[in-house]
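Beneath this line is the structure, given in structure tokens, with notes to follow.
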2 protein chains.
Amino acid sequence: MSEKLTIGKLALATGTKVETIRYYEQIGLLPAPARSAGNYRTYEGEHLRRLSFIRRSRDLGFSIDQVRELMGLADRREQSCMAVDVIAKQHRNAITRKIADLTALAAELDTLIDSCSRNTMADCRILEALAPGAFEPAA
Amino acid sequence: MSEKLTIGKLALATGTKVETIRYYEQIGLLPAPARSAGNYRTYEGEHLRRLSFIRRSRDLGFSIDQVRELMGLADRREQSCMAVDVIAKQHRNAITRKIADLTALAAELDTLIDSCSRNTMADCRILEALAPGAFEPAA
DNA sequence: CTTGACCCTCTAGCGACTAGAGGGTGCATA
DNA sequence: TATGCACCCTCTAGTCGCTAGAGGGTCAAG
């Protein structure tokens, strides 16, 4: 088992960019690791586990603040995980809303696009639809 | 017909914030209007039309750059509006992709949430699922 | 003449990175 | 041993589309 990792190895192992790892350290999401003689960051297995958790949570769309909360909760081993459930459900609801918004948008755009007769700008239905009250060109 | 508008009136008429209008001017999206004796911006009907166009496009999710392109195209009255169609369809496709991504995400989250037995953190399925390889707490 | 709503410019902040300048380190190879 | 190259370091600024605030000036009503 390789326990010590450079930032590049950690990046490779977790599919994160080096700059992003440094950024997570800067905002206090990932604890600062020990440094080598040449001032290189030296990561341990624990960092790998934490960063993997962060990556997976971010991939699932949780915000940085939510990830922070989730990690804080995870460290309280004996407490109820209801709070975790709450965060996950809030996030799920936010996504449901976003899908609804985008679906409505898509429908509006479809109406717009269907109306295009592919003639000149002057009688373009798309541009007309975008102008709520007869758009006049400059000059 | 009221032809002259202060920035506040224009904001009210278009449902845009005053700061946003100034921002649009700054980035060259909305042309800078004439100034009054007291250095107030003085908008005309043309500004109202352009800003309405911008608002509507933005509400439909077009990026600032896309709006810029659309407005540029709209001013070429005699040319084909095929280019407009292309932009609209690109945008429509981007939204389709976003909806697909979010739907996949929602499904993953649902699996996660269903697995929660609402016990302690130590055996929380959500946290387990987030840790791709047994998450160990700090300390 | 004062109050208060409006307007002005300029700057910094949001979230979550990303990119670049300008340098130092570490290791393999000629 | 020199050199080349990949990797690492810090610091700063940029991305997108606004939003918010400081610190002022203008204008119309009472």
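All chains are named by letter (A, B, ...) in the order of the sequence lines, taking the proteins before the strands, and each is independently numbered beginning at 1.
At a threshold of 4.0 angstrom between heavy atoms, the contacts of A:I27 with the nucleic acid are absent. Across all strands shown, A:R22 has heavy atoms under 4.0 Å from base atoms, whether or not it also approaches the sugar-phosphate. At a threshold of 4.0 angstrom between heavy atoms, the contacts of B:R58 are confined to the sugar-phosphate backbone, with no base atom among them.
Taking the charged nitrogens against the carboxylate oxygens, A:D101 and A:K98 have no contact shorter than 4.0 Å, which rules out a salt bridge. Using a 4.0 Å cut-off between a side-chain N of Lys or Arg and a carboxylate O of Asp or Glu, B:R50 and B:D75 qualify as a salt bridge. Salt bridge B:E46/B:R49: present, at least one basic N to carboxylate O contact under 4.0 Å.
Taken to the nearest 0.5 Å, the OG1 atom of B:T14 stands 5.0 Å off from the CD1 atom of B:I21.
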What protein N or O atoms touch nucleotides 26-30 of chain D N or O atoms at under 3.5 angstrom, if any, and at what distances?
unit_1 : atom_1 : unit_2 : atom_2 : d
D:dT26 : O4'    : B:Y40  : OH     : 3.4
D:dT26 : O2     : B:Y40  : OH     : 3.3
D:dC27 : OP1    : B:G38  : N      : 3.4

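Judged by distance alone, the side chain of B:H47 and the main-chain N or O of B:E44 form a donor-acceptor pair under 3.5 Å. A distance-only check finds no donor-acceptor pair linking the side chain of B:H91 to the backbone of B:Q66 [under 3.5 Å].
OP1 or OP2 of C:dC7 lies within a sub-4.0 Å distance of a side-chain N or O belonging to B:T6. Between B:K17 and D:dA20 there is a side-chain polar atom (N or O) within less than 4.0 angstrom of OP1 or OP2. For the OP1/OP2 pair of C:dC6 and a distance below 4.0 Å, the side-chain nitrogens and oxygens of B:K9 include no atom meeting the criterion.
Under 3.5 Å, the side chains of A:S52 and A:R56 contain no donor-acceptor pair of N or O atoms.
Note: CD (A:E19) to P (D:dC9) measures 10 Å, nearest angstrom. Summarising the geometry, the separation between OH on A:Y23 and P on C:dC14 is reported as 10 Å, rounded to the nearest angstrom. Between A:R35 atom CZ and C:dT25 atom P the separation is 13 Å, expressed in whole Å. Summarising the geometry, the separation between CD on B:E25 and P on D:dG17 is reported as 18 Å, rounded to the nearest angstrom. If you measure from atom CZ of B:R41 to atom C1' of C:dC8, you get 7 Å, rounded to the nearest angstrom. Here the P atom of nucleotide D:dT12 and the CD atom of A:Q26 are 11 Å apart, to the nearest Å. If you measure from atom CG of B:L10 to atom C1' of C:dC7, you get 14 Å, rounded to the nearest angstrom. Taking atom CD1 on A:I7 and atom C1' on D:dA6, their separation rounds to 15 Å, with Å as the unit.
Residue whose closest nucleotide on DNA chain D sits further toward the 5' end, between A:Y43 and B:F62: A:Y43.
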